[in-house]
Amino acid sequence: MTDPIDRSTGDQDSSSEADSARSADSDQDTDADTETPPTSPPDLDDVVLDNLDTGSDGSDEASRGLFDDLLEGEPIFENKEVLRPSYTPHKLPHREEQINNMATILVTALRGDTPSNILIYGKTGTGKTASAKFVSEELETTSQKYEVPCEVEYINCEVTDTQYRVLAQLANKFIDKNTEVIDDRVAELDDLRSRAREDETALDGTEFTGVEGIDERIESLEEDKAGFEEVPMTGWPTDRVYSSFFDAVDYHERVVVIMLDEIDKLVEKSGDDTLYNLSRMNSELENSRVSIMGISNDLKFTDFLDPRVKSSLGEEEIVFPPYDANQLRDILQARSDVAFKGDALSDDVIPLCAAFAAQEHGDARRALDLLRTAGELAERGQTDQVEEAHVRQAQEKIELDRVVEVVRTLPTQSKIVLFAIILLEKNGVHSINTGEVFNIYKNLCEEIDADVLTQRRVTDLISELDMLGIVNAVVVSKGRYGRTKEISVSVPTEETEAVLLSDSRLGDIEDVQPFVQARFDN
Ligand code: ADP
Ligand code: MG
């Protein structure tokens with residue numbers, strides 16, 4: 001099995017895990033807890049007896065099982081997996097043009113020549129990964145059909161983000177493939193040898209004149225195989241990793257397409273050495289040829305590349321524009337036909353999800369998340385139809401999840417600044433200015449023994465919070481008194497405060513009241 005296919009199944013587990021971890025509170029299992037009837041759950045014996053006793057009228061709430069309520073509603077989903085990010089659809093509406101462009105460039109590989117390198121650009125959720133995986137699966141299937149040696153390797157550079165790791169991963173994949181090729185070949189030769197021992201004419205038309213020739217060939221293949229050495233995930237000098245990779249690729253004739261998804265993350269983290277090395281390989285390879293397909297969310301990432309890498313990598317460029325609301329509708333419609341039961345969606349659900357996601361730079365991932373979450377909310381509410389209201393709730397929930405995630409991962413100093421702003425707002429201070437924030441901030445820092453930054457730095461942190469959409473800081477003119485910033489919190493205060501206090505350092509802050517008072521004393 002080829003790698004892109006492996007990955008997509010691998011992804012399926014890991015990202016659905018990640019997914020459920022992130023939105024654990026929205027998941028069915030957790031649900032069961034919150035939906036438990038207030039009476040204590042029956043113990044096992046009761047349940048069993050209850051089930052046996054068919055005469056029971058079922059009106060006794062205490063005897064109801066943990067899952068009874070949940071099962072009662074009509075099921076909403078037919079196949080929820082289809083709405084998860086890990087699912088690779090086989091039909092990608094509104095990406096025909098991009099897919100055809102890719103195929104037109106890559107078909108060269110099936111003719112045994114090296115395809116141009118391709119750079120794919122587009123914002124998140126515009127279908128780049130899905131389209132690239134689809135094309136790579138088709139390419140490999142066709143290459144098997146026509147028995148042309150062509151392989152695609154997919155690497156997600158957000159996960160594999162250093163030159164060492166990229167090369168090591170590629171080296172090991174090719175070593176595995178070479179081992180497979182050798183094993184197959186040895187099995188064939190073994191078979192031929194047995195037949196030749198019974199009847200010499202079995203060798204007619206082969207390159208061998210006697211059984212000894214076959215023995216030698218098998219021995220030499222086995223030696224090759226014994227010489228392959230897995231690259232460890234750390235520890236080797238990079239040039240050794242590179243030459244392992246190089247030798248593994250060049251072991252036999254083939255065209256190799258290396259897909260580097262989220263390539264901007266690799267360059268951001270580790271520079272462009274990897275791309276430089278990969279893009280120069282072809283002049284040194286003897287048997288094989290390499291072509292690179294880079295996928296980037298960042299339209300400007302090539303600005304950071306060495307000009308030689310830039311021109312080599314960008315031989316062909318394909319842009320994935322954002323989807324508009326109508327296109328998102330089509331995408332959602334196609335998926336929902338498989339994901340939901342017959343009439344589970346009321347008419348306005350898909351248009352509303354599409355409209356919300358179109359505002360979110362035409363992100364199909366967001367559209368699918370909304371639809372799935374709306375379905376889950378409906379399921380939890382035990383209604384048999386997903387309504388417009390569920391979509392609105394889903395939108396709020398996703399937005400809140402995003403805020404929680406952003407706040408949770410803020411650096412400590414930013415958390416203290418944000419906490420100061422929240423305290424002021426909770427105490428009814430309006431038009432909060434930077435000086436006020438700074439005073440509270442300073443007190444909080446002293447309380448938890450954190451370094452106190454300068455007011456200038458704190459102003460910068462406030463601007464960062466503004467850019468993240470957590471606070472809103474507008475510059476207002478105070479006439480001849482100059483200009484000042486008016487700061488307000490633009491996310492739900494209670495939830496945000498709870499996230500801040502769950503940080504072990506901020507959690508130490510007890511009874512914050514005096515600090516707020518301190519502001520007025522100053
Ligand atoms: P990107 O890689 O550009 O960030 P993805 O390819 O991961 O975006 O797409 C995000 C989600 O939207 C995935 O679940 C994908 O299957 C889905 N998707 C994107 N474009 C389409 C499309 N044209 N048709 C069907 N599903 C799509
Ligand atoms: Mg992607």
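From a predicted model like this one, the values you see are computed outputs, not experimental measurements. In each ligand, atom 1 is the first atom listed, and ligand 1 is the first ligand listed. Here, residue 1 is the first one in the sequence, and each next residue gets the next number.
- At the shortest separation from atom 21 (C) of ligand 1 among protein heavy atoms lies Tyr323 OH, 3.3 Å.
- In terms of protein heavy atoms, atom 6 (O) of ligand 1 is closest to Ala130 N, 2.8 Å.
- Scanning the protein for heavy atoms near atom 7 (O) of ligand 1, the closest one is Arg365 NH2, 2.9 Å.
- The closest approach between any non-hydrogen atom of Lys133 and ligand 1 is not below 4.0 Å.
- The protein non-hydrogen atom at the shortest distance from atom 15 (C) of ligand 1 is Arg335 NH2, 3.4 Å.
- Ring-plane geometry between Phe245 and Phe174 is classed as tilted, the angle between the planes lying from 30 to 60 degrees on a 0 to 90 degree scale.
- Taking every non-hydrogen atom of Lys123 and a distance limit under 4.0 Å, the qualifying atoms of ligand 1 come out as 3 (O).
- At a threshold of 4.0 Å, the pair Glu81-Arg84 counts as salt-bridged, since one of the basic side-chain nitrogens sits closer than that to a carboxylate oxygen.
- Protein heavy atom nearest atom 14 (O) of ligand 1, with residue, atom name and distance: Leu368 CD1, 3.6 Å.
- Distances below 4.0 Å separate heavy atoms of Ala364 from the following atoms of ligand 1: 12 (O), 18 (N), 19 (C).
- Residues His390 and Arg392 have side chains that never bring a donor and an acceptor to within less than 3.5 angstrom of each other.
- Of the listed residues (Ile487, Val474, Val471), just one forms a side chain to side chain contact (heavy atoms under 4.5 Å, CB included) with Asp466, and that residue is Val471.
- Distances from ligand 1 to the non-hydrogen atoms of Phe320 include no value under 4.0 Å.
- Regarding atom 8 (O) of ligand 1, its nearest protein heavy-atom neighbour is Gly127 N, 3.2 Å.
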Using residues 340-349 as the side-chain source, report each donor-acceptor pair under 3.5 Å to any protein atom, sequence neighbours left out, with the distance given to one decimal.
| residue | atom | partner | partner atom | Å |
| --- | --- | --- | --- | --- |
| Ser346 | OG | Asp348 | OD1 | 3.2 |
| Ser346 | OG | Val386 | O | 2.9 |

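- The Mg ion (ligand 2) has an N, O or S atom of Thr129 under 2.8 Å away, backbone or side chain.
- The protein atom (non-hydrogen) at minimum distance from atom 2 (O) of ligand 1 is Thr129 OG1, 2.8 Å.
- Closest heavy-atom approach to atom 3 (O) of ligand 1 among the candidates Glu96, Arg366, Lys128, His94: Lys128.
- Ion pairing of Lys80 with Glu376 is present here, as a side-chain N (NZ or NE/NH1/NH2) and a carboxylate O approach within less than 4.0 Å.
- Using a distance-only test at 3.5 Å, with no hydrogens or angles considered, a donor-acceptor pair links the side chain of Ser136 to the main chain of Lys133.
- We find that Asp183 and Lys225 are joined by a salt bridge, their nearest charged nitrogen and carboxylate oxygen being less than 4.0 Å apart.
- Ligand 1 lies within reach of Pro93, whose nearest heavy atom is under 4.0 Å from it.
- Here the side chain of Arg366 pairs no donor or acceptor atom with the backbone of Ala354 at under 3.5 angstrom.
- Heavy-atom separations between Gln327 and ligand 1 are all 4.0 Å or longer.
- Residue-level proximity to ligand 1 for Asp261 is absent, since no heavy atom of it falls below 4.0 angstrom.
- Atoms of ligand 1 lying under 4.0 Å from at least one heavy atom of Tyr87, given by number and element, are 16 (O).
- From the protein, the heavy atom lying nearest to atom 25 (C) of ligand 1 is Ile331 CG2, 3.4 Å.
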